Structure formats: C-alpha cells, structure tokens
K.L.:
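Sharing a structure below in structure tokens format, with a few things to ask.
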Amino acid sequence: MDTQHNGSVLIDFFENHEHRMIHKWMHYFEIYERHFHQFRGRPLTMMEFGVLHGGSLQMWKWYFGAEAQIHGVDINPRCAELAEDRITIHIGDQESRESLRNLTLTVPKCDIVLDDGGHTMLQQRTTFEELWSHLNVGGVYLCEDMHTSYWPGFFGGGYKQPHTFMEYTKNLIDQLNAWYTRDPALAVNDFTRSAFAIHYYDSIMVIEKREIRPPHARMKGTPSFPLDPAEQAVYDRG
C-alpha cells in the first residue's frame, strides 16, 4: 500500500491504464486517496451516482481490489450496458425519494457513497438525506462538484442562496455540534450521533460516519493551583 495517498495511484490509472472514459477534476484524486485508501484490499461495497461512460467505476474496481463490489447509479438507461464483473449498474433518479429508497432495498449497505450525479441542488440534498442511513458505520460519504451551488441557472445554485446544497451542509456543522447547545432549535439527532467529521475541499465535502457517544471531559494529573468548584467536580469524576 502507498503511504502518501497523494492521488498518484489513481492518477496513474487515469493516465496509463486502459479504461472507459473518466471525467474528473484533477485535484479530486488526492482527496479520494486521502479518504478511501483505508478500504483498499478489503471487502467493500461502494455506490457511485453518475455513471457517464463507466470509466470511474472501472477505476474503483481496480483501486479497491478483488473484494470490492461497485454499484453505479444513473438515470440514463443506456448505462445498463456498462455492467461487468463486480460492477452492477442501477437505473435510478436522484430527485425521486421513491427511486432512492428502492435502491436501498436492492444494494447492500455501503462503505462508500460517492455523489457524482446530476449536481443539482435537489439531487444532492435528496441523495444525502436518503443515503446517509444506508452508509455503514465506519463509512465515508463524499459529494463532489459542489461548486454548482454557486452556479445559477440549470443547477439551481447561487452564492449564499439558502436552498443550495452548500448552504444546507453548513447547517450540518451546527448539527455535528448539537451536543453543546440548549437552544430548542438545535437538538441532537441521528446525524449528531453518527457523524464523526465533516471535511470541506474545493468543490468536495466528505463526511465520516461513526457511532458517536455524548462527549465528556476529564481531568488527570496533579493540580498546580486550587481548583474552583466546577473544576473540582470534573476532577473528582476522574
């Protein structure tokens, strides 16, 4: 296994191997490897929205190894022709909750969900809301091409527009930290109990899923000065 995870492994496949067409921003490869390298050589179920010509599905199959099962989802029925060993194609609509829920009945729970689909605000939000619960604990959810949140027109974006997926995910930062508020408008929920970290990059958001317990603080060691009552209470709890 490579130790740097700097994108070079995937770029080598992109540049030097035979594969169907892949369309990616080049700075994405380092982000992929940073968050996906832990899954290489292990049993894996991955779902990627957006099949296009099928090249990225072949890349994931190669990158993750012989125990990986790759599922591609696209609204274009022609993509069904691109299935091969360990690559399954599903025809689905990211804007349809019914379609996405039917998908979760067909595909096993995933270790990676990658949204490279239609990139509209409705598609990105609906896919996240329906697929987060279908992600295994220890898994990674990655949404790319989030720059469409800044593009008005077809994708429905616009800087600081409250309906964009970028603005929606900023609220997830509050939800991650909901343990600490007493405001009834922000309560601990299933996302708070299952999201370990949210990472933002140029055009990409990554969320790591874990079982999260209510946070607690401890004090250990010999005090240098007398403790105030609140400090003493924490210290006494060990």
Side-chain angles (χ1 to χ4, degrees), residues 31 34-36 38 47 49 93-101 103-104 109-152 155-220 227-238:
I31 301 167
R34 178 176 294 191
H35 292 280
F36 293 168
Q38 61 183 304
M47 188 187 308
F49 288 88
D93 181 356
Q94 284 186 273
E95 293 188 359
S96 166
R97 292 187 185 273
E98 180 182 6
S99 178
L100 293 172
R101 290 171 185 173
L103 190 64
T104 64
K109 291 192 76 171
C110 298
D111 303 291
I112 297 173
V113 174
L114 194 163
D115 183 356
D116 183 23
H119 313 315
T120 70
M121 303 304 99
L122 180 59
Q123 289 169 336
Q124 290 174 336
R125 177 171 179 168
T126 304
T127 302
F128 172 74
E129 290 179 348
E130 294 297 332
L131 269 296
W132 175 253
S133 62
H134 200 64
L135 185 68
N136 283 323
V137 171
V140 171
Y141 190 100
L142 188 151
C143 182
E144 62 186 62
D145 293 346
M146 286 179 60
H147 51 264
T148 58
S149 283
Y150 302 99
W151 289 354
F155 295 102
Y159 177 54
K160 289 293 186 181
Q161 295 301 305
H163 64 274
T164 67
F165 190 60
M166 185 65 76
E167 294 301 311
Y168 173 88
T169 65
K170 291 176 184 178
N171 293 322
L172 297 179
I173 300 171
D174 292 329
Q175 200 61 63
L176 183 77
N177 291 281
W179 306 103
Y180 305 103
T181 181
R182 297 179 182 177
D183 191 320
L186 181 62
V188 171
N189 65 9
D190 288 342
F191 182 81
T192 315
R193 297 187 187 94
S194 60
F196 172 69
I198 305 174
H199 306 263
Y200 283 89
Y201 304 89
D202 176 344
S203 305
I204 282 181
M205 178 197 66
V206 180
I207 309 179
E208 299 179 64
K209 189 170 188 177
R210 295 189 191 177
E211 290 183 358
I212 306 297
R213 297 181 180 181
H216 67 284
R218 296 180 61 201
M219 289 183 176
K220 197 75 174 179
L227 302 178
D228 65 35
E231 291 175 321
Q232 189 66 53
V234 175
Y235 187 80
D236 291 342
R237 288 200 298 268

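Numbers here are sequence positions counted from 1. This one's a predicted model, so the numbers in the text were calculated from it and none came from an experiment.
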K.L.:
Working note: Ile207 + Trp132, criterion side chain to side chain contact (heavy atoms under 4.5 Å, CB included); need CA distance, chi angles, decisive distance, verdict.
P.N.:
CA-CA 10 Å; Ile207 309 179; Trp132 175 253; 3.4 Å; yes
K.L.:
Does Asn136 use its side chain to pair, donor to acceptor, with the backbone of Gly138 at less than 3.5 Å?
P.N.:
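Not a single qualifying donor-acceptor pair exists.
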K.L.:
Once side-chain contact (heavy atoms from CB on, under 4.5 Å) is applied, do any residues pair with Asp190, and if so which ones, sequence neighbours excluded?
P.N.:
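If we apply the side-chain contact (heavy atoms from CB on, under 4.5 Å) test to Asp190, skipping adjacent residues, the hits are Arg193.
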K.L.:
For the atom pair CG (Asp115) and CE (Met47), what is the distance rounded to the nearest 0.5 Å?
P.N.:
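These two atoms lie 11.0 Å from each other.
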K.L.:
Please tell me if the side chains of Lys109 and Leu135 come closer than 4.5 Å, counting only heavy atoms from C-beta onward.
P.N.:
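Lys109 does not reach Leu135 side chain to side chain.
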K.L.:
Would you say His35 and Tyr141 are linked by a side-chain donor-acceptor pair, where the criterion is simply a distance under 3.5 Å?
P.N.:
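His35 and Tyr141 do not have a side-chain donor-acceptor pair below 3.5 Å.
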K.L.:
Residues in salt bridge (charged side-chain N to carboxylate O under 4.0 Å, His left out) with Lys170, at least two apart?
P.N.:
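By the salt bridge (charged side-chain N to carboxylate O under 4.0 Å, His left out) rule, Lys170 matches Glu167.
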K.L.:
Output the distance between atom CD (Gln124) and atom CG (Asp116), rounded to the nearest 0.5 Å.
P.N.:
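Here the rounded value is 10.0 Å.
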K.L.:
Of the non-hydrogen atoms in Met121 and His119, which two are nearest, and what is the gap between them?
P.N.:
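Heavy atoms of Met121 and His119 come nearest at CE-O, 3.7 Å.
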K.L.:
State, with a plain yes or no, whether a side-chain heavy atom of Thr127 is found less than 4.5 Å away from one of Phe49.
P.N.:
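Thr127 reaches Phe49 side chain to side chain.
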K.L.:
Answer yes or no for Arg210 and Phe196: cation-pi contact, defined as NZ/CZ to six-membered ring centre under 6.0 Å and angle to ring axis within 45°.
P.N.:
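Geometry flag: set, cation within 6.0 Å and 45°.
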K.L.:
Rounded at 0.5 Å granularity, tell me how far CD in Gln123 sits from CD in Glu95.
P.N.:
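Rounded to the nearest 0.5 Å, the CD-CD separation comes out at 4.5 Å.
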K.L.:
What are the two closest heavy atoms between Ile198 and Ile173, and how far apart are they?
P.N.:
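Answer, listing the atom of Ile198 first, then Ile173: CD1-N, 4.1 Å.
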K.L.:
Are any of the side-chain heavy atoms of Val140 and Lys209 separated by less than 4.5 Å?
P.N.:
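Counting from C-beta outward, Val140 and Lys209 never come under 4.5 Å.
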K.L.:
Given side chains that start at C-beta, do those of Phe165 and Leu122 come closer than 4.5 Å, heavy atoms only?
P.N.:
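Contact flag for Phe165/Leu122 side chains = no.
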K.L.:
Let's go through Asp93 and Glu98 carefully: what are the C-alpha distance in whole Å and the side-chain angles of both, what is the deciding distance for side chain to side chain contact (heavy atoms under 4.5 Å, CB included) to 0.1 Å, and is it a yes or a no?
P.N.:
CA-CA 9 Å; Asp93 181 356; Glu98 180 182 6; over 6 Å; no
K.L.:
Checking Asn189 side chain against Thr192 main chain: does a donor-acceptor pair fall under 3.5 Å?
P.N.:
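Present.
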K.L.:
Could you tell me the separation between the CZ atom of Arg125 and the OG1 atom of Thr120, rounded to the nearest 0.5 Å?
P.N.:
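Here the interatomic distance stands at 12.5 Å.
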K.L.:
Taking the side chain as every heavy atom from C-beta outward, state whether Ser149 and Tyr168 have any atom pair closer than 4.5 Å.
P.N.:
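No, side chains not in contact.
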K.L.:
Phe36 vs Leu142, test: side chain to side chain contact (heavy atoms under 4.5 Å, CB included). Steps then yes/no.
P.N.:
CA-CA 10 Å; Phe36 293 168; Leu142 188 151; 3.9 Å; yes
K.L.:
To the nearest 0.5 Å, what is the distance between CZ on Arg237 and CZ on Arg218?
P.N.:
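Reported to 0.5 Å precision, the distance equals 11.0 Å.
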K.L.:
Could you tell me whether the side chain of Thr169 reaches within less than 4.5 Å of the side chain of Tyr200, counting heavy atoms only?
P.N.:
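Side-chain contact under 4.5 Å: yes.
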K.L.:
Under the salt bridge (charged side-chain N to carboxylate O under 4.0 Å, His left out) definition, can you give me all pairs with a residue in residues 140-149, not counting sequence neighbours?
P.N.:
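Qualifying pairs: Lys24-Glu144.
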K.L.:
Would Leu131 and Thr104 count as a side chain to side chain contact (heavy atoms under 4.5 Å, CB included) here? Give the steps.
P.N.:
CA-CA 8 Å; Leu131 269 296; Thr104 64; 4.2 Å; yes
K.L.:
In terms of ring plane angle, is the pair Tyr201 and His199 parallel, tilted or perpendicular, where the classes change at 30° and 60°?
P.N.:
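Tyr201 vs His199 ring planes: parallel.
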K.L.:
Please find the pair of heavy atoms, one from Thr164 and one from Gly158, that lie closest to each other, and give the distance.
P.N.:
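Closest pair (atom of Thr164, atom of Gly158, distance): CG2-O, 3.5 Å.
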K.L.:
Just to verify, what does Gln232 make a side-chain contact (heavy atoms from CB on, under 4.5 Å) with, not counting sequence neighbours?
P.N.:
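So Gln232 forms a side-chain contact (heavy atoms from CB on, under 4.5 Å) with Leu227, Tyr235, Asp236.
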K.L.:
The criterion is salt bridge (charged side-chain N to carboxylate O under 4.0 Å, His left out); which residues satisfy it with Arg101, sequence neighbours excluded?
P.N.:
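In terms of salt bridge (charged side-chain N to carboxylate O under 4.0 Å, His left out), with neighbours along the sequence ignored, Arg101 is linked to Glu130.
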K.L.:
Between Glu129 and Thr126, is there a donor-acceptor pair closer than 3.5 Å when you use the side chain of the first and the backbone of the second?
P.N.:
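No.
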K.L.:
Does His163 reach the main-chain N or O of Gly156 with its side chain, forming a donor-acceptor pair under 3.5 Å?
P.N.:
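Judged by distance alone, yes, a pair lies under 3.5 Å.
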K.L.:
Let me confirm one number: the CD1-SG distance from Ile204 to Cys143, rounded to the nearest 0.5 Å.
P.N.:
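So the CD1 of Ile204 and the SG of Cys143 are separated by 9.0 Å.
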K.L.:
Not counting sequence neighbours, which residues clear ring pair (Phe, Tyr, Trp, His ring centres under 6.0 Å) with Phe155? List them please.
P.N.:
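With sequence neighbours excluded, Phe155 shows a ring pair (Phe, Tyr, Trp, His ring centres under 6.0 Å) to Trp151, given in chain and number order.
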